[in-house]
There are 2 protein chains.
Amino acid sequence: MGENIKNISKEQIVAAAAKLFKQKGYTSSSMRDIAAALNIEAASLYHHIKNKEEILDIICFDMAKRFSGAIAEVNDIYFNAEEKLRKAILHHVEIITEDIDKSAVFLREWRSLPENSLQDFMLLRNQYETEFTRIVENGIEEDVFEAVDKKFAVLSILSSVNWINEWYQADGKMKPQEIAQRISDFVMGGLRKKLVTDPHYRP
Amino acid sequence: MGENIKNISKEQIVAAAAKLFKQKGYTSSSMRDIAAALNIEAASLYHHIKNKEEILDIICFDMAKRFSGAIAEVNDIYFNAEEKLRKAILHHVEIITEDIDKSAVFLREWRSLPENSLQDFMLLRNQYETEFTRIVENGIEEDVFEAVDKKFAVLSILSSVNWINEWYQADGKMKPQEIAQRISDFVMGGLRKKLVTDPHYRP
DNA sequence: AAATTTGCCTAACAATTGTTAGTCGGATGG
DNA sequence: CCATCCGACTAACAATTGTTAGGCAAATTT
């Protein structure tokens, strides 16, 4: 093929779109913007994708599946509640930092999904939240966690890990593992200093 | 004045816009949408406001000023670090729940501010974050807080309180004070159960 | 070698966008 | 009572939007 053939892949389109969606938002990013980022014309995009909504759909559900898969894995393998929660947080942080563009879209732009997809998406999101809650639940039953408001604790934890997306930079000093560790430590121990006088106090 | 005179105020426009901006986002809400919500024509809006950007500007900076004012007040009055942090969290929660529409716009839509305003806005946001960090800093110096990564702890706290905006409903069961209390408790104590055998342990 | 498919292009469309111009009746102030 | 102003209106604009039609050359298949 000639000089005009660039053999753009669907994944390239999705990646370029995700980058733009993160920068300017879904509705403010035009098909021409996406095309320009790939050095092609807007019409050419339609040889690879159905329409603009499909791009958002792919990004949101691709990310949703990654999260679902991770929490399922954790719930299958690890036993202890604290360990489970730490692994769940770690995986969450890894997925977010792995692709900040797509996870930004997943976190911010899902509201622009067409109504039909929107319902499916929110269902997946709720399921993920429920799985997370179950871990905290287990911890309370096993008497290793305080009997806090489960739903509330989970919302706090998830908001903390999701917020990473706002400040994380791949070239930064902090590795995903360190971030996950600090969040986990904070979630477990809190801010207040433990004034321990008993040598038998643990942990 | 005749039947066509509805005497719409600037505040009414801003409130209607905030509601729409929360629902559909800034760029997906048209001037005609805003006008329709007020039962007037799009052109009529321009007798009260300069342009669409001004509406976003008003919402974002109005909210920013409320937050700045609250943290300044806390830093002026309260002495103890834990008390300071609790009050700061309480005020933050109150401001967010007081007007969920505007705070949703403040939290999500500020990216659409014109470049000039955007810089000012981010400056205010950073100042607020700094004030918050100072409280945690004090707590560590006073030896009542664990020597955690300050910046990191603050990001976790702020993300938790901001997330309220996603699920809070004014008609819900939880009052702002309760929410603030639970967040504060979680922030202070964390999730892990304190196994205390010493009766002198506190708290 | 012929026929088809692939991957891009140009051109154009209808709809929607923010915004401006100009109008007009009623309220207000001298 | 006259002049001005206020607060809405209709009409229109230029630009931008997502998307489609149709073409054309290179690559692939038959």
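To find a chain, count down the sequence lines: A is the first, B the second, and so on, and within it residues start at 1. Please read all numbers here as calculations on a predicted model, not as lab measurements.
The closest side-chain donor-acceptor pair between S30(B) and D33(B) falls under 3.5 angstrom.
Counting any heavy atom pair closer than 4.0 Å across all strands shown, S9(A) reaches no nucleic acid atom. At the heavy-atom level, S44(A) lies under 4.0 Å from base atoms of the strands shown. As judged by a 4.0 angstrom heavy-atom cut-off over every strand, T27(A) is placed among residues making no nucleic acid contact.
The CD atom of E41(B) sits 19 Å away from the P atom of dA21(C) (whole-angstrom rounding). Across the protein-nucleic acid pair, N7(B) atom CG and dC9(D) atom P stand 12 Å apart, rounded to whole Å. One atom, NZ of K10(B), and another, P of dC6(D), lie 15 Å apart when rounded to the nearest Å. The NE2 atom of H48(B) sits 5 Å away from the P atom of dA8(D) (whole-angstrom rounding). As rounded to whole Å, 9 Å separates atom P of dT17(C) from atom NZ of K52(B). We find that NE2 of H47(A) is positioned 15 Å from C1' of dG18(D), with the value rounded to whole Å. As a whole-Å value, the separation of E54(B) CD from dT19(C) C1' is 14 Å. For the pair Y46(A) OH and dT6(C) C1', the computed distance is 19 Å after rounding to whole Å.
Between F121(B) and F61(B), the two ring planes are perpendicular [angle over 60°; tilted spans 30° to 60°].
Toward the 5′ end of DNA chain D lies the nearest nucleotide of R32(B), the other residue of the pair R32(A) and R32(B) mapping further downstream.
Relative to the side chain of M31(A), the nucleotides dG18(C), dC9(D), dT19(D) differ in distance, and dT19(D) lies closest.
Because its NZ or CZ atom is both nearer than 6.0 Å to the ring centre of Y26(A) and within 45° of the ring axis, K52(A) counts as a cation-pi partner of that residue.
Counting heavy-atom neighbours within 6.0 Å of Q181(B) CD, excluding the residue itself, gives a total of 12 or less.
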